[in-house]
Structure formats: C-alpha cells, structure tokens
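Here's the structure, in structure tokens; my notes come after.
Protein chains get the first letters and strands the later ones, always in sequence-line order, with residue 1 at the start of each.
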2 protein chains.
Amino acid sequence: MTTQPAIPTLEDVATLAEVSTATVSRAINSPGKVAPDTRRRVNEAVAKLGYSPNFGARAMAVRRTMTIGAIIPTMENAIFARGLQAFQDELRTHGYTMLIASSAYRADTEEEQIRSLVARGADALLLIGHHRNPDIYKFLDAQNVPVLVTWAYDPDADRPSIGFDNKAAMQDMAAEVIKMGHRNLALISAETASNDRASARHAGILSAMHEAGLQPDDLHYVETTYGIEEGAVAFEQAIGMMPRPTAVFCGNDVLAVGALRRARELGIQVPDDVSIIGFDDIELAQVAHPALTTVHVPHREMGRLAGLALAQLLGKGIALKPVELRASLVFRDTLAPREN
Amino acid sequence: MTTQPAIPTLEDVATLAEVSTATVSRAINSPGKVAPDTRRRVNEAVAKLGYSPNFGARAMAVRRTMTIGAIIPTMENAIFARGLQAFQDELRTHGYTMLIASSAYRADTEEEQIRSLVARGADALLLIGHHRNPDIYKFLDAQNVPVLVTWAYDPDADRPSIGFDNKAAMQDMAAEVIKMGHRNLALISAETASNDRASARHAGILSAMHEAGLQPDDLHYVETTYGIEEGAVAFEQAIGMMPRPTAVFCGNDVLAVGALRRARELGIQVPDDVSIIGFDDIELAQVAHPALTTVHVPHREMGRLAGLALAQLLGKGIALKPVELRASLVFRDTLAPREN
DNA sequence: GAGGTTAGTGTAAGCGCTTACATATCACTG
DNA sequence: CAGTGATATGTAAGCGCTTACACTAACCTC
C-alpha cells in the first residue's frame, strides 16, 4: 500500500517555481504584479502539481469568500429554479458564487442551513419570505451577515425584501374569480406553519371575499404538504365539501396541477364543472391541459434584482432597499365564468 | 457611523467563559470531554455572543470538511432532484453535508464547478456520467478527491459508477416499440456533445433497429437543447420529416412533454397518429395527458446507494464498487401498436 | 551622478481553529 | 500515604493562505 501523495500547497508550487509563496500568491491573484517570466514558471508549476488553492485558507486570510448563500424551501418542482438561476447569473457577473441549500419547508432545517452557510463564510444570504425566529436574525447580526428577503415584499419588515405582495396578488385574482360569478370557493393551501407566502395568499382570498360581501366561512379550506399527488388528494377532499365549490384556488401551481389531474380522473370537467386557479406560473402551468390560469410571478426579474442588490451592497456598500415587483394575472383555460 | 462589531471567535468565547480556547473547542466538538459546569459556561458564552465556528479554519485544522460535492447538469425540471434528495438524505445520516452545483450541461462550466468544489474542500465528488476531459480526472487524483459517477453504469470505465445502462434501457424500449409494428422512427435527443447518457440512448435505439433488421437511416434524428419548448419545436421538425415517423423517441421526459404539447397543438392524436416515448419517468410523465410511456429510472435508489458508498469510503475506507441498477419500462398511454 | 520612482520579489505575521502533549487534581488502592 | 489511573484543562504548534512592509535593482530626471 503506497502512502497518499500529499496534496500540493502554495509552498510546493513556490519551491518548484523557485520563488517565494508571496510571489505565487500574487501570480495567481493579481498576475499583473508579477514579471511575465515568473508568472509562466508559476503557472507551469501549478499545472504540473495539479495545485488547487485552499479556499478555506484563503477565506481566512482575506476574511471574505465572495460567496452568497441562498436557502430555498424546495429544490423539487422547479418553483424556485428559474429565479435562482437568474440570481446566480447576476451574481456571477459581479464575481460572486452562489451556494444553495434547501430546507424542505421546515423552519428548523432552514435554521440549520443558515448556520451552516454562515459557518462556510457566506458574505450575505438570500432568504425566502420574512417570517422566521427572531433569534436567527440576531445571530445573523452578530455574525454581521446581511440578509435579503425575496419571494415576498413587505416594506415594514425589519429586513429589506425584493419581491411582490403575495396577499395583494391573490386578492386581485380572487376578485376576478368572484366577479365571474363564483360564490362557492375552496382553497388548497400549502402548509402555512412556516410559510408566510401561503398565509398571505390565503389572506388575499379572504380579503377579496370580504370586499364582495362574502363570508369567510364560504371558503372551504384544505391544507396539505407540497406535491402533485398531495394536490390531487386535496382536490378530492375539497370537491366533496358542501356546498360544492365551483372554483378551487391552489396555493401554488404544483398543487394545481395535481388538482387538475384528479379532476380529470374523477370525470369532472375543467373549467365547465369547476374552475382551478394556480399561483406562480411555472412552466408546468402552460404544459398542463387545460393550460392553467394562474398568477404570474416575475421570477427572473426578482432573482436578477436580488443578485444585483447584494453584489452592490457587498462591493460598493450600497444599502439594500426594498423593491416591489408586480405579479400579474394570467388567464388561460382553467377558469370560466359561473353560469347561474 | 459606528464601527462594525468584530465577529466573535473561539477566543472571544474562551475569554467570556474564562477557559482556554482548547476547552471551548472540546466543549463544542466533544462535549463529553468537558466538565458539565464548564460546558454550560461555554454554551452560555456561545449563545450570548452569537458565535459561529469558522468552517474554513476548522477544515484547515482537521483537514477534512465532511462535505461531499455533487455537480448536476441542470437544476431546472427536477430530473435530478429526486435522486439528489435521496443522496443528500443518505449522506446526512452519516454526518456528511452535500454541496451542489449545476453545470447547465456545459463541460467547461462543469470543470469550473469541479475546481470550485475541490477548492472548497469537498472530501469527495458525485458526478453525472463518465465522459469528461482526462485532465480534470488527473487533477482530482492530484488533489486526492475520490469520484463516484452516477446516472450511468459502465464497469469498464476507470471510475466506479452506480447507475444503469442507458443504452441497454433505451434498446429494450426501442425493441418493444419495433415489436409493436413501428418502422418509421424518430429521436429527439438532448445534445450529445458533453452528455454521454444522450449518446448511449441514441446508440440503444440504433442497436435495437439493427437487431430488427432496420437501417440506421430509418431513424430521423433531431438534436436540441434542454427544455419543454425545445421539445415542442423539435417535435414539429421531426414530424415533418419523410417518411413521417409513427413513433418519436425523446431523450428525456422534458423533451417528451414538449413534444406531446406540440402534437396536441398541431391536432395530431397521441397515440393514434403518433406514439411518443420519454425517458426518466419524472413526476411530469404521470401528470402529462395522455400519461407518458417512458423508461423508469430508479432515482431514489441510485441516490441512496451513491450516498452510502461515498460515506463508507470516506468513513471506513471501503472502496467504491460499481453497482448496476435496472431501469424498467413503463407503459402508459402515449404508445400504441402500429396498425398496418 | 545624486536623488527619486517604479517594478519585482521576499520576509514574516496573522487569519480561527484543533490537538498532541504537558500539567494539575482527585479518588482510589493496597 | 505513596503510587496509580482517570479526568479536566491549558499551552502552543501548525493547517495554507494573503499582504504590509522591507528591500533591491533598474531607470529617470535634472
């Protein structure tokens, strides 16, 4: 059994290139400060040894990582994928790297992930939604890690957010649905325990109902975990309630697609027998058949602006400012007026 | 303007708790070695200061990170999400953390990501597919970072893989399709340039055709980038070729769903006018209408086994062994016999 | 040709942590 | 009660890197 060859370090490179470690460091990080010939020798040594700088050591010496952490509730089902992609692309143009973690919609896991990303030296964090344990915000302050909230917008929260008003968006949609004559409504909501967007969307419907003079009790409410199958099960439950709903709101498109499928399986016509409304406007919404009526979220714009804001904060010290984006209603084929 | 409060370090905790840094370190990492009373004092100091250990410094001192890197081609569309989730879950039970990066199906980006994860101290790497620049494998050897390949299986490759035989799986499916009477075939393939799974699937179809006495020329071939819309466009192209194909294979379910949609838009009946076959069996496949006939990939099992293998390698020095899993055919509603 | 730049390089301290080793206590044991 | 072992803690070196500062040599400038 041969002994492991040691992993090459800066010093090994320096020895091989016959220069000091300082020069190697400079050759790598600011090539302009080094004579061309020296640079060449260093590069050759790097290549020959298969040298890779130790990120941890570097981070320790310069005291920043050029890394920004993002924690999203889920990686499945692409709800956050598009926005994150834009976020990452934007960061990249500014020289930052994104580190990503997912919390499975659990507050305790999210907290763990926050601590882990901070430990890994994230220079800043992107978080989804405002609501979380105040202790963790205190911790972030102690660690001096700035936080930007997205997928939500609340100018009054103590952390800046770049996003849209979930409640207002859903309220607009609900108002339209009510205007079309629907009176018996249902909502299949994602779990609201640690998801302030879900509660806001719920509140939006209630608010629209209130404006239209409907009673909160007129809304059948089913709460379920995330997933297509879960949406299907919830739909079956909702459609069985009395009086039977003529319009079923879903907290997100994934649940809506599940609902749509189950409706088909039950022989219930959409939108003739029942209307189904989603939220998010992910790609799935267009592919579904019939194509889903939903609330369009400006994923890419949100991600891009968030990346820009954070890069500018870190790079130029420009403070984070709340930015409100508009969600819009997308009417496709799953919503129809209620004939009376 | 107040000056930034310094970020608390081990030493700050030590001072506050009136012990040495060594004791704090022990109190945190092996509480059993520290007197209960001391431990309490340390914990209080940690909480009070909002202390978080510096991961980089720790990694440097212990020379490992308990972190495993995974690089997947894409985060959109959830193809890899389920497998990765299982991978992560398994790693977690062994005390490892997963770091994830996506390469957008680009070889150069993947190489960058590999270097970045290695720099960050990944103790091992999970990679999709065997094929990549030999230099990068050399680099990984120099850095002494073990690699496990997945989503593919090739016992003859010089790196161990845990996955399935893409060619054989697609060949099985193609044989069935041919047996059903289809003679005019088309394949909408993902880009094969840096995607050995895509080429293997292509090869599988050709192989089945060969067995059945068909000519390779009888397969219309369209290559496209990843995405639902891309699948739709490619389908329109494929269906216009002469002789008109009666069965269209797709390199993955995402392309297949796009094809399905375009077929509907063009008024082409599936499976009466044309059969459409996917690959992967992601959730989307069941939701599509008609439900997609596809090749089921054992995502979860693959992820779990990969995680286990890596954890055992790192923890107990158990060498990685290639493991072949079986992909299976799932017949749903988009494939029908060809009436002659 | 003395004085002043500038470019290129080296020396060494220090980033925050772990851990081998040394030391100090204390409770037994025979 | 000297000797032993267990338990708890401290001291200090070292992990791989960056960078302030110091130094040298070459090149101007007047």
Without decimals, in angstroms, what is the distance between A:R40 CZ and C:dT9 P?
12 Å
Check the distance between D:dG14's P and B:R63's CZ and give it to me in whole angstrom.
13 Å
With distance as the sole criterion, is a donor-acceptor pair present between the side chains of B:T67 and A:R120 under 3.5 Å?
yes
Look up atom CZ in A:R159 and atom CG in A:L320, then write down how far apart they are to the nearest 0.5 Å.
10.5 Å
For the backbone of A:A17 and the side chain of A:R41, can you confirm whether one donor and one acceptor N or O come within less than 3.5 Å of each other?
yes
Rounded distance in Å - CD1 (A:I28) to P (D:dT18):
7 Å
What integer distance in Å separates A:L10:CG from D:dT19:P?
12 Å
Just the rounded figure in Å: distance from P of D:dA8 to CG of B:D37.
12 Å
Spacing between A:N29 atom CG and D:dG16 atom C1', to the nearest angstrom:
13 Å
Produce the list of close N/O pairs, under 3.5 Å, pairing protein atoms with atoms of nucleotides 9-11 of chain D; give distances to one decimal.
residue, atom, partner, partner atom, Å
D:dT9, OP1, B:T38, OG1, 2.4
D:dT9, OP2, B:A35, N, 2.9
D:dT9, OP2, B:T38, OG1, 3.4
D:dG10, OP2, B:S20, N, 2.7
D:dG10, OP2, B:S20, OG, 2.9
D:dG10, OP2, B:T23, OG1, 2.7
D:dG10, N7, B:R26, NH2, 2.8
D:dG10, O6, B:R26, NH1, 3.3

Which whole-number value in Å describes the distance from B:F55 CZ to C:dC17 P?
13 Å
Considering only heavy side-chain atoms of A:M60, the closest of C:dC15, C:dT19, C:dC17 is C:dC15
Between B:S25 (side chain only) and B:T21 (backbone N and O only), is there a donor and an acceptor less than 3.5 Å apart?
no
Round to the nearest Å and state the distance from A:N54 atom CG to C:dC15 atom P.
18 Å
Would you sort out whether B:D89 and B:R92 count as a salt bridge (charged side-chain N to carboxylate O under 4.0 Å, His left out), showing the intermediate values?
CA-CA 5 Å; B:D89 291 347; B:R92 216 182 171 120; 5.6 Å; no
Reported CG-to-CD1 distance for the pair A:L49 and A:I7, which is rounded to 0.5 angstrom:
12.5 Å
For A:T9 and D:dG16, is the shortest distance between a side-chain N/O and OP1 or OP2 below 4.0 Å?
no
Side-chain N,O (A:R58) to OP1/OP2 (D:dT18) below 4.0 Å:
yes
Is the backbone N or O of A:G50 less than 3.5 Å from a side-chain atom of B:Q143, with the two atoms forming a donor-acceptor pair by type?
yes
